[in-house]
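Data first, discussion second: the structure below is written as structure tokens.
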Amino acid sequence: MTYFPEEVVEHIFDFLGSHRDRNAVSTVCKAWYGVERLSRRSVFVGNCYAVRPERVVARFPGVRSLSVKGKPHFADFNLVPDDWGGFALPWIEAFARGGLGLEELRLKRMVVSDESLELLARSFPSFKVLVLISCEGFSTDGLAAIATHCRVLRELDLQENEVEDCGPRWLSCFPDSCTSLVSLNFACLKGEVNAAALERLVARCPNIRTLRLNRAVSVDSLSKILARAPHLVDLGTGSFTIDHHAEAYHRLINNFTKCKSLKSLSGFWDASPRCLPAVYPICGNLTGLNLSYAPAIQGADLIKLIRLCLKLQRLWVLDCIGDKGLAVVASTCKELQELRVFPSDVCGVGTAAVTEEGLVAISSGCPKLNSLLYFCHQMTNAALVTVAKNCPHFTRFRLCILDPGKPDPVTNQPLDEGFGAIVQSCKDLRRLSLSGLLTDQVFLYIGMYAECLEMLSIAFAGDSDKGMVYVLNGCKNLRKLEIRDSPFGDAALLEDVGKYETMRSLWMSSCYVTLKGCKTLAAKMPRLNVEVINERDESDEMEENPSDLRRVEKMYVYRTVAGPRNDAPDFVWML
Amino acid sequence: MELELGLALPNNHLMKGFDLNDGSTTNSYRKRGFEEAFEKVIPFSSPLPRKTTLPLFVHKNGGDGDDENDGPQLKNPDELNSISGSRALVGWPPVKHPRRRSAGGGAGERWSEDCGSNSYAGGGGRRAKCVKVKMEGVAIGRKVDLCLHDSYEELFHTLNQMFPTMQHGVAYAHPHHRHFTVTYEDGEGDWLLVGDVPWEAFIQSVKRLKILS
């Protein structure tokens with residue numbers, strides 16, 4: 001290969017799809033490093049504090065697509081204080097200053113200000129794709145800047161962000177000349193939307209295939225939009241209430257019928273069962289269905305809908321579906337690959353919630369199932385063993401039993417054996433979340449069998465340091481470990497400090513790790529950032545000189561080549 | 001100060017074999033020394049009528065007995081069971097905030113309310129506002145996440161669960177039904193009666209709570 005001209009090597013590298021492969025070839029020799037870095041078009045930064053933006057810009061001057069992740073995963077559940085960090089601005093600034101031709105930006109769990117969106121919009125004339133997932137810090141004014149200045153915008157995808165509402169004008173900022181939109185998702189916006197502007201926008205974008213509306217968009221508007229864009233593939237409805245006798249309703253059904261390409265449906269806010277027949281015509285084509293925002297759709301109505309969805313591959317529902325409903329899914333949706341069952345407050349225990357029965361039914365009816373997120377009130381070892389046998393192809397298995405530390409209700413045993421069966425059977429398991437009563441034994445199993453495991457979430461589990469050590473010693477491919485409320489302390493933390501350099505990050509909160517343990521880790525491993533997060537109360541005198549023996553509330557450890565960060569708030573101690 | 005802790009378990013077939021004080025338990029992993037028992041979260045399953053045991057606690061460094069809760073959060077078994085009780089357990093169940101708000105029929109009106117969403121500089125409505133709560137005569141303080149509550153009603157409900165002795169004089173929204181007085185310290189350091197100002201204003205200014213008898 002060394003005799004080939006660079007262009008040939010570069011051409012060969014073009015065939016390397018994954019980041020990992022490209023990262024690997026860049027370490028072979030200087031020549032390959034050089035070729036690789038100049039020809040790299042896409043960079044993924046899993047932890048924004050692992051590397052400085054300037055370094056990325058310097059190394060990869062040809063990058064067009066950047067993905068960055070910020071806060072640790074547990075930030076989703078309010079375990080990371082606001083102002084912890086994860087700012088997008090330094091990245092956008094570095095790319096702007098570096099004169100790179102950025103075209104795509106994907107950010108997850110980052111703080112994005114309007115200022116940074118404005119800078120983004122103005123700095124990159126070829127900018128095409130903006131995806132923001134679980135971000136915060138911006139308002140619709142920032143979106144207005146994007147709409148105004150990004151002349152060739154193809155995708156604006158906002159998923160589950162916290163966006164300040166400054167009025168509906170942002171949508172009208174898309175100039176009349178903007179006809180390039182392929183994907184527009186503003187479902188997470190809380191404010192009003194200018195319906196007329198929306199309809200006009202959709203009408204002039206012939207390539208639009210994904211459109212997810214927010215709750216403020218009425219069914220009337222939806223109807224008109226469907227009439228203009230019958231070629232939609234992915235639709236998120238707005239508010240789905242309509243008088244099912246009215247003419248508007250019949251128009252809606254007609255318009256839905258014309259959408260022959262529709263494969264994915266979501267939204268359904270405020271949906272009442274009587275509106276559901278409007279979507280019956282297209283159910284047979286659906287591969288994706290998200291009803292998790294429609295608590296009023298339950299029981300017989302839900303079942304009737306599901307029975308029509310023979311091609312479903314991805315289903316997100318609330319636990320009101322009940323075990324019965326899941327049985328219907330099992331008998332109908334033979335192509336199912338991903339299932340998410342979310343908890344709903346309305347369903348108290350006693351009404352139809354889901355248990356191990358529902359999961360067992362799914363596993364026996366849907367052998368292609370590979371991704372699961374399941375919130376339930378109880379689970380048994382027997383059920384998990386059955387599920388493991390029926391579905392050996394799980395890559396993602398997240399089980400959340402709502403009562404922390406609840407045992408198998410039939411045998412009163414911990415769920416070690418059940419989860420053990422899962423990891424033993426599912427050889428491709430990459431992501432696992434545990435719950436229920438668990439001892440160190442389950443971690444022994446995980447360490448022994450979960451060879452491909454990359455991400456593990458632990459809560460209220462284990463008996464001793466041994467549990468954590470089993471995992472650290474056993475899981476060779478572990479990248480992210482997050483633990484809360486479990487009895488793991490300094491001994492476990494310090495057992496194999498080198499391990500953390502092979503991982504992206506470790507999170508531990510409400511465990512037994514002390515300040516001394518954290519300091520020891522930081523001292524031994526200079527290429528790790530050890531952050532201790534203390535939410536201080538001014539009235540707490542003890543905080544002045546915390547003893548090293550004191551347990552830390554929250555600790556976040558990650559490998560980095562950037563050194564300690566300089567934007568940490570004062571409640572984050574960089575050790 | 002010595003605290004008497006009762007581990008009274010309710011009568012329920014699911015709880016068979018679970019009584020820590022019952023030597024006949026078949027699950028040996030459940031037997032622990034006194035100290036060990038209180039170092040670990042001991043959850044109890046299923047929704048059961050509330051029992052009036054004091055919360056299990058973790059004692060730090062031999063303890064003066066009066067310190068606030070420094071370590072892992074107290075886990076009152078009651079809290080773990082009930083739906084509204086589980087709201088006092090921060091970050092559990094592990095569901096993303098926006099979904100928490102909009103699931104549930106009654107949340108229809110609530111979904112656009114976020115605590116602290118006025119300033120987006122800080123990060124919008126995903127703030128968790130945890131404040132410490134101390135009750136007069138109780139050694140151990142607790143923490144409550146105000147962002148998981150929408151009204152004084154809900155807050156008092158959670159407080160009732162956190163401090164079961166309050167049950168005898170349940171704190172209602174109406175001051176004159178209360179046998180216990182709930183006060184809060186505001187941004188200026190003044191101690192005020194909880195319930196006097198609109199909920200949103202309260203959330204903004206409250207720093208910590210104190211329950212007086």
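Predicted, not measured: the structure shown is a model, and the values here were computed from it. Heavy-atom basis, side chains included; hydrogens, waters and symmetry copies ignored. In what follows, chains carry the letters A, B, and so on, assigned in the order in which the sequence lines appear, proteins first and then strands, with residues in each chain numbered from 1.
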A:Asn78 versus B:Val90, closest heavy-atom pair with distance:
O-CG1, 3.9 Å
So which atom in A:Asp76 and which in B:Lys96 form the shortest heavy-atom distance, rounded to 0.1 Å?
OD2-CE, 3.0 Å
Which atoms of [X] come close to chain B, meaning under 4.5 Å heavy atom to heavy atom: side chain ones, backbone ones, both, or neither?
X        : result
A:Ala459 : side chain
A:Phe375 : side chain
A:Ile401 : backbone

Please check this pair: side chain of B:Trp92 against backbone of A:Leu402, looking for a donor-acceptor N/O pair closer than 3.5 Å.
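Such a contact is found between B:Trp92 side chain and A:Leu402 backbone.
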